[in-house]
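First up is the structure itself, then whatever we jot down about it.
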Amino acid sequence: MNIVNFTPVTATLGGMMIGLAVVIFFLFNGRLVGISSIAANALTEKENKFDNLLFLLGLIIGPIIFSLFVNKDISITISNSFILLIFAGLLVGLGTRISGGCTSGHGISGIGRFSLRSIIATITFMIVGVLTVLIKNFI
Amino acid sequence: MNKLISLISGIIFGIGLVISQMINPEKVLGFLDLFGNWDPSLAFVMIGALIITSPMFHLIKKKEKPLFVDSFNYSKNKEINNKLIIGSVLFGAGWGLGGLCPGPAISSIALLNINSISFVVSMFFGFYLVKLFKLSS
């Protein structure tokens, strides 16, 4: 193992902002943020539809507002093929709804309230994620 | 007012994803590449979030009700079953293949990247299938 590209300060600060967003949503609206649940419910459920859509809109315009303020473009690298991403998207869509949460719902909101169910889910998807990358690098 | 909070929470969450660089799949894949060139940043994102959420959840839950709506509304599901594990395995595989999870994937729509938009469309199709076949745990 080599440690590379490690950015502990921005990671912690960004994480604290994510935590702040989750706390605000809980304090004012009484709901725990889980992006997969918010997104899926915005698509399929009538209850809180407008709230869910507004949250998703915020998620999209957040990066735009940030890049206007710091006057810097956000660059991302996606090295995977189109077909692989379609397949990955399907797995993420199925998996997060079958298990009832994703990195935010189980990983932050769930672990934040010490839910054993969420701790088990998070450990599981992290181990499988690590194994998937290991196998992908091997092939 | 609660509509405004939904929008603001989403915006702050999205900015957090940019500052932490979790919007970039390469950072996420770097974290998952534990046995290769490991980038521990994602662990610090989770720690940063949890040092805010866990004490605040504890305090907020003592309140009778949230500030802008009549009652708290969140899953109190404690069941540890096959669906929890199977779903997490599928999610972990998709996460490891693409380096995208739902939050960063949706946020990256802002960057108009055709690959991440395709990922999001496919992900929503997955959400729809789970609803259609009543597979959720």
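Letters A, B, ... mirror the listed sequences (proteins, then strands); counts begin at 1.
The candidate with the highest count of non-hydrogen atom pairs below 4.5 Å against chain B, out of A:A88, A:G100, A:A42, is A:A88. With chain A as the partner, the residue from B:V69, B:L135, B:V130 showing the most heavy-atom pairs under 4.5 Å is B:V130. Among A:L116, A:V33, A:L131, A:I108, the residue making the largest number of heavy-atom pairs under 4.5 Å with chain B is A:I108. Listed options B:G103, B:P104, B:G87, B:G98 were ranked by heavy-atom pairs under 4.5 angstrom with chain A; first place goes to B:G87. Looking only at heavy-atom pairs under 4.5 Å with chain A, the residue among B:I114, B:I80, B:I5 that has the most is B:I5. The most heavy-atom pairs under 4.5 Å with chain A, out of B:M56, B:M123, B:M22, come from B:M123. Your options are A:F6, A:F114, A:F50, A:F87, and the one with the most heavy-atom pairs under 4.5 Å with chain B is A:F6. Comparing A:G30, A:G62, A:G34, A:P8 by how many heavy-atom pairs each has under 4.5 Å with chain B, the most go to A:G30. Contact tally against chain A (heavy-atom pairs below 4.5 Å) for B:C101, B:G14, B:P102: the top residue is B:P102. By number of non-hydrogen pairs under 4.5 angstrom with chain A, the leading residue of B:L42, B:I60, B:I47, B:I86 is B:I60.
Connection of A:L53 to B:F13 is not established within any shared hydrophobic cluster, with ILVMFWY side chains joined at heavy-atom distances below 4.5 Å, either directly or through further cluster members. The hydrophobic clustering, which links ILVMFWY residues whose side-chain heavy atoms are closer than 4.5 Å, places A:L68 and B:L112 apart. Both B:V28 and A:L134 are part of a single hydrophobic cluster, where members link through side-chain heavy atoms under 4.5 Å apart. Note on A:I98 and B:L132: same hydrophobic cluster, where clusters join Ile, Leu, Val, Met, Phe, Trp and Tyr whose side-chain heavy atoms are under 4.5 Å apart, directly or indirectly. Cluster membership check: B:L97 shares its hydrophobic cluster with B:I23, using side-chain heavy-atom separations under 4.5 Å among Ile, Leu, Val, Met, Phe, Trp and Tyr.
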Which N or O donor-acceptor pairs, by atom type, sit under 3.5 Å across chain B and chain A?
from, atom 1, to, atom 2, distance (Å)
B:N2, O, A:N29, ND2, 3.0
B:K3, NZ, A:D51, OD2, 3.1
B:S6, OG, A:N29, ND2, 3.2
B:S6, OG, A:D51, OD1, 2.5
B:G10, O, A:L59, N, 3.4
B:N24, OD1, A:T77, N, 3.0
B:E26, OE2, A:S79, OG, 3.0
B:K27, NZ, A:N5, O, 2.8
B:K27, NZ, A:T7, OG1, 2.8
B:D33, OD1, A:N137, ND2, 3.2
B:G36, O, A:N2, N, 3.0
B:N37, OD1, A:N2, ND2, 3.2
B:W38, N, A:N2, O, 2.6
B:W38, O, A:V4, N, 2.8
B:S41, OG, A:T7, N, 3.1
B:S41, OG, A:T7, OG1, 3.1
B:A49, N, A:G15, O, 3.3
B:L67, N, A:L27, O, 2.9
B:F68, N, A:F28, O, 2.8
B:N73, N, A:G30, O, 2.8
B:S75, O, A:R113, NH2, 2.8
B:E79, O, A:R117, NH1, 2.8
B:G96, O, A:K136, NZ, 3.1
B:L97, O, A:N80, ND2, 3.0
B:L97, O, A:K136, NZ, 2.9
B:S107, OG, A:L59, O, 2.6
B:S122, OG, A:I86, O, 2.5
B:S122, OG, A:L90, N, 3.2
B:K131, NZ, A:E45, OE2, 2.7
B:S137, N, A:I98, O, 3.1
B:S137, OG, A:I98, O, 3.2
B:S137, OG, A:R117, NH2, 3.0

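Using a 4.5 Å cut-off between heavy atoms, A:I3 touches chain B through backbone and side chain atoms alike. For a residue to count as touching a neighbouring chain, one of its non-hydrogen atoms must lie under 4.5 Å from one of that chain's; by this rule A:I111 touches chain B with backbone and side chain alike. Only the side chain of B:L111 comes within contact range of chain A, judged by heavy atoms closer than 4.5 Å. B:L34 touches chain A through backbone and side chain together, each having a heavy atom under 4.5 Å away. For chain B, the nearby part of A:I65 is the side chain; its heavy atoms alone come within less than 4.5 Å. Heavy atoms closer than 4.5 Å to chain B are found in the side chain of A:L43, but not in its backbone. For A:I86, the parts lying under 4.5 angstrom from a heavy atom of chain B are both the backbone and the side chain. For a residue to count as touching a neighbouring chain, one of its non-hydrogen atoms must lie under 4.5 Å from one of that chain's; by this rule B:I8 does not touch chain A.
Side-chain contact between B:I106 and A:I35 is present, with at least one heavy-atom pair separated by less than 4.5 Å. Taking the side chain as every heavy atom from C-beta outward, A:P63 and B:L17 never approach each other to under 4.5 Å.
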Could you pull out every donor-acceptor pair under 3.5 Å between side chains of residues 13-28 of chain A and any protein atom, sequence neighbours left out?
none

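Between B:L129 and A:L90, the shortest heavy-atom contact is CD1-CD1, 4.2 Å. Among all heavy-atom pairs drawn from B:F127 and A:A39, the shortest one is CE1-CB, 3.7 Å. Heavy-atom minimum distance, B:P25 versus A:I76: CD-CB, 4.1 Å.
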(request) For the pair A:I120 and B:I85, evaluate side chain to side chain contact (heavy atoms under 4.5 Å, CB included) and give the outcome as yes or no after the intermediate values. (result) CA-CA 8 Å; A:I120 290 174; B:I85 305 299; 3.6 Å; yes
(message) What verdict does the side chain to side chain contact (heavy atoms under 4.5 Å, CB included) test give for A:L32 and B:F72, after you've listed the backbone C-alpha separation in whole Å, the side-chain angles of each residue and the deciding distance to 0.1 Å?
(response) CA-CA 9 Å; A:L32 287 170; B:F72 286 105; over 6 Å; no
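Rounded to the nearest 0.5 Å, atoms CD1 (A:I60) and CD1 (B:I11) are 11.5 Å apart.
Not counting sequence neighbours, the partners of A:F66 by the side-chain contact (heavy atoms from CB on, under 4.5 Å) test are A:V70, B:I15, B:V18, B:I19. Listed by chain and residue number, nothing satisfies the ring-ring contact (aromatic ring centres under 6.0 Å, His included) test with B:F35 (two or more places apart in sequence, or in another chain).
Screening A:L91, A:I127, A:V128 for a side chain to side chain contact (heavy atoms under 4.5 Å, CB included) involving B:V89 leaves a single residue, A:V128.
Atom CZ of B:F125 sits in a sparse spot, with 12 or fewer heavy atoms from other residues, nucleotides or ligands closer than 6.0 Å.
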